[in-house]
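Scroll down for the structure; my scribbles are underneath it.
Because the structure is predicted, anything quoted here is derived from the model rather than measured. Residue numbers begin at 1 in each chain, while the letters A, B, ... track the order of the sequences.
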Amino acid sequence: MQNQLTVFNTLSRTKEKFEPINKGLVGLYVCGPTVYSDVHLGNCRTFISFDLIYRYLLHLGFKVRYVRNITDAGHLEGDRDEGDDKFTKKAKLEQLEPMEIVQKYTLGFHDVMREFNNLPPSIEPTATGHICEQIEMIKEIISKEYAYEINGTVYFDVEKYNKEFPYGQLTNRKLEDLLEGTRELSGQDEKRGRLDFALWIGAKKETLMRWPSPWGWGFPGWHIECSAMSSKYLGNTFDIHGGGMDLQATHHTNEIAQSQACNHKSPVKYWMHTNMLTVNGVRMSKSAGNGFLPGELFTGNHPLLEKGYSPMGVRFFMMQTHYRSTLDFSNDALQASEKGYARLMASIKTLENLKTSDTSTSSIKDLEKSCYAAMNDDFNAPILVANLFEGARIINSVNDGKETISAEDLDQLKKIMHDFVFDVLGLRPESSNSSKDKALQGVMDVILDIRKEIKAKKDFAASDKLRDDLKKINITIKDTKDGATWSIEE
RNA sequence: GGUCCUGUGGCCGAGUGGCUAGGCUGAGCUCUGCAAAAGCUCCUACUGCGGUUCGAAUCCGCACGGGACCUCCA
């Protein structure tokens with residue numbers, strides 16, 4: 001394995017050496033989407049960031065079990081542990097069965113993930129598929145006396161828990177401070193502590209999604225599903241748990257509390273949190289009205305968008321920012337990275353036809369080292385991208401005859417570029433092999449051949465007209481000393 | 001109010017106590033019938049004020065600006 005991977009652990013707020021609990025194996029859990037509406041671009045960023053992490057771990061040779069859940073039940077609208085869950089609300093709104101809502105948005109989510117070329121996780125468990133596991137876990141927490149039941153609803157006793165475990169460790173907060181920031185219990189509240197949260201919520205007569213439990217009919221609280229499913233598939237303590245930074249303070253804090261209360265073990269060795277996508281400096285979210293959907297992004301059909309952007313262009317855009325930094329969206333930034341992406345991909349095409357020499361003028365070994373060093377430093381994709389552009393520079397220089405490369409180094413360079421661009425960054429050349437494309441290739445061969453003859457007769461007016469006319473339909477002709485090439489823009 | 005993060009060149013964005021990523025844009029040059037592409041060069045930054053240091057954009061303090069979380073949210 002290429003040197004030592006380090007990861008930034010939210011628990012310690014430092015970069016730590018990555019050493020999996022079981023040598024060669026990695027358990028990775030990422031909080032997935034709540035499928036009651038379309039995912040927006042901000043949601044996608046998190047999943048793309050973890051796709052990069054997953055891909056690099058695979059590239060390093062780890063056997064990774066990647067679990068990413070689908071939340072399809074048990075998510076309340078507000079913080080009061082009362083009212084409808086999100087699915088019931090949406091189902092009533094759209095006059096559908098809750099599970100129709102779930103199905104619709106799950107399929108949509110998968111489509112978007114595929115567009116962005118995200119690898120599917122090893123297991124994608126759903127909350128509704130693991131009601132029994134959640135009930136068992138709640139029973140266990142009650143038996144250890146960290147939870148109590150009132151009128152069919154089970155609450156986690158945060159203050160009691162905090163006497164034995166540090167409740168706010170993930171966000172470096174003390175219980176007293178947390179209590180200060182919370183509103184007083186209102187007369188309607190039945191829970192004992194202001195920070196107590198629901199593990200199981202008793203169904204009201206209008207609740208559509210409900211299951212039987214020892215406490216009557218009801219549905220699970222939001223946090224318990226991740227605790228139950230992660231421990232089921234990855235064990236009571238596993239390597240990496242990830243999610244967006246917005247989940248850190250509440251969701252993940254409560255997850256730790258539940259698992260700790262149940263198993264008396266810290267559930268996760270490395271907590272990893274990805275930063276937010278912003279628009280004009282403000283976090284993209286549905287409530288802020290500044291979010292847009294991947295579909296709108298691809299077509300450009302949104303007031304904030306000047307044009308459509310390809311999924312791979314967007315993915316590359318995200319790869320130029322570290323996952324722990326906020327990424328500000330703008331048309332300018334996106335268009336800039338689209339161009340850079342095109343240049344990088346063009347160089348990879350060029351790479352296939354490079355001529356070799358006896359010696360190399362650039363050190364391919366150093367390039368490789370730099371690529372691994374970048375990724376080993378907490379998955380620093382922006383530095384990796386910078387290095388890949390150095391690779392592009394070498395490729396183009398060799399192609400221009402300004403530098404040379406040995407056959408051995410060329411093989412190595414090909415491997416580096418392919419491994420990192422396609423396998424690690426997960427970029428995919430927008431290629432297709434349809435019969436239409438093959439026909440177009442044939443047609444262009446004929447046209448370029450005719451143009452070559454025209455040029456040989458020095459009829460530049462005619463050859464330029466041909467080139468200009470093709471340009472009008474977005475086909476670019478480039479004359480090089482080895483003949484002409486063509487490509488389709490956008 | 002509490003807990004944090006952050007402020008980098010025209011734009012986007014990395015970053016280490018000294019050797020100053022990368023992309024995009026702009027200007028120039030080379031190459032070329034021209035164009036395009038490509039390569040090279042240039043425009044060389046670190047919010048402000050103090051402090052530590054031989055030396056700080058990088059460490060510390062203060063100020064100002066931006067943001068996140070503390071309520072559902074990737």
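When each of B/U3, B/A14, B/A38 is scored by its nearest atom to the side-chain atoms of A/I383, the top-ranked nucleotide is B/A14. With B/U25, B/U3, B/G22 as the choices, the nucleotide that has an atom nearest any side-chain atom of A/K339 turns out to be B/U25. Comparing B/C24, B/C34, B/A37 by their closest approach to the side chain of A/D479 singles out B/C34. Which of B/A74, B/C12, B/A36 sits closest to the side chain of A/A333 comes down to B/C12. Taking every side-chain heavy atom of A/Q320 into account, B/G22 is the closest of B/C72, B/G22, B/A14. When distances are taken from the side chain of A/L327 to each of B/G33, B/U3, B/G13, the shortest belongs to B/G13. Distances were taken from every side-chain heavy atom of A/H40 (C-beta onward) to each of B/G13, B/A74, B/C70; the shortest belongs to B/A74. The A/M276 side chain lies nearest to B/A74 when the options are B/A74, B/C12, B/G33. Each of B/G13, B/G23, B/A68 was ranked by its minimum atom distance to the side chain of A/F389; first place goes to B/G23. For A/T321, whose side chain is taken as the heavy atoms from C-beta onward, the closest listed nucleotide among B/A35, B/G13, B/C70 is B/G13.
Checked by distance alone, A/N387 brings no side-chain donor or acceptor within 3.5 Å of a matching partner on the base of B/G22. Applying the 3.5 Å distance criterion, the base of B/C72 shares no donor-acceptor pair with the side chain of A/D246. Within 3.5 Å, no donor on the side chain of A/R173 pairs with an acceptor on the base of B/C70, nor the reverse. Below the 3.5 angstrom threshold, one finds a donor paired with an acceptor across the side chain of A/R467 and the base of B/A35.
Using a 30° and 60° split on the angle between ring planes, A/Y372 and A/Y56 fall in the tilted class, from 30° to 60°. By the 30° and 60° cut-offs, the orientation of the rings of A/Y323 relative to A/F379 is perpendicular. Relative orientation of the A/H241 and A/W271 rings is parallel, given thresholds of 30° and 60° on the angle between their planes.
For the pair A/E368 and A/K365, the salt-bridge criterion is not met [side-chain N within less than 4.0 Å of a carboxylate O]. Salt-bridge check for A/K307 with A/E338: passed, with a basic side-chain N closer than 4.0 Å to an acidic carboxylate O.
The base-pairing partner of B/G1, taking Watson-Crick or G-U wobble contacts with both distances under 3.5 Å, is B/C70. In this structure B/U20 sits in no base pair that meets the Watson-Crick or G-U test at under 3.5 Å. The partner of B/A38 is B/U30, judged by Watson-Crick or G-U wobble contacts that both fall below 3.5 Å. Under the Watson-Crick or G-U wobble criterion, with both distances below 3.5 Å, B/C46 is left unpaired in every strand shown. With a cut-off of 3.5 Å on both pairing distances, the Watson-Crick or G-U wobble partner of B/G7 is B/C64.
Listed pair A/K471 / B/A35 fails the phosphate criterion, with no side-chain N or O lying under 4.0 Å from OP1 or OP2. Look at A/R324 and you won't find any side-chain N or O under 4.0 angstrom from OP1 or OP2 of B/U6. Under 4.0 angstrom from either OP1 or OP2 of B/G23 there lies at least one side-chain N or O belonging to A/R343. Phosphate proximity of B/C11 to A/S330: absent, as no side-chain N or O sits under 4.0 Å from OP1 or OP2. Close to B/G15, at under 4.0 Å from its OP1 or OP2, lies a side-chain N or O of A/N380. Of the side-chain N and O atoms in A/N399, none sit less than 4.0 angstrom from OP1 or OP2 of B/A38. Taking 4.0 angstrom as the limit, A/S325 places a side-chain polar atom (N or O) nearer than this to OP1 or OP2 of B/A14. Taking side-chain N and O atoms only, A/N43 has a distance below 4.0 Å to OP1 or OP2 of B/A74. A/N396 has a side-chain polar atom (N or O) that falls below the 4.0 Å cut-off from OP1 or OP2 of B/G39.
For A/H252 and A/H223, the gap between ring centers reaches or exceeds 6.0 Å.
Comparing the P positions of B/G17 and B/C12 gives a spacing of 26 Å, expressed to the nearest Å. Between B/U47 and B/A56, the two C1' atoms lie 16 Å apart (nearest whole Å).
Comparing A/F316 and A/Y323 by the nucleotide of RNA chain B that holds the closest heavy atom to each, the one mapping nearer the 5' end is A/Y323. Comparing A/T46 and A/Q335 along RNA chain B, the residue whose closest nucleotide (by nearest heavy atom) sits nearer the 5' end is A/Q335.
Taking SG of A/C371 as the start and CG of A/D419 as the end, the distance is 10.0 Å to the nearest 0.5 Å.
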Legend entry - Evaluation steps, ring pair (Phe, Tyr, Trp, His ring centres under 6.0 Å), between A/F156 and A/Y161: CA-CA 8 Å; A/F156 189 90; A/Y161 171 83; 5.6 Å; yes

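Where stacking is scored as ring centres under 5.5 Å apart with planes under 30°, A/F460 registers as stacked on the base of B/G33.
Nucleic acid contact for A/L344: none, since no nucleic acid atom lies under 4.0 Å from a heavy atom of the residue.
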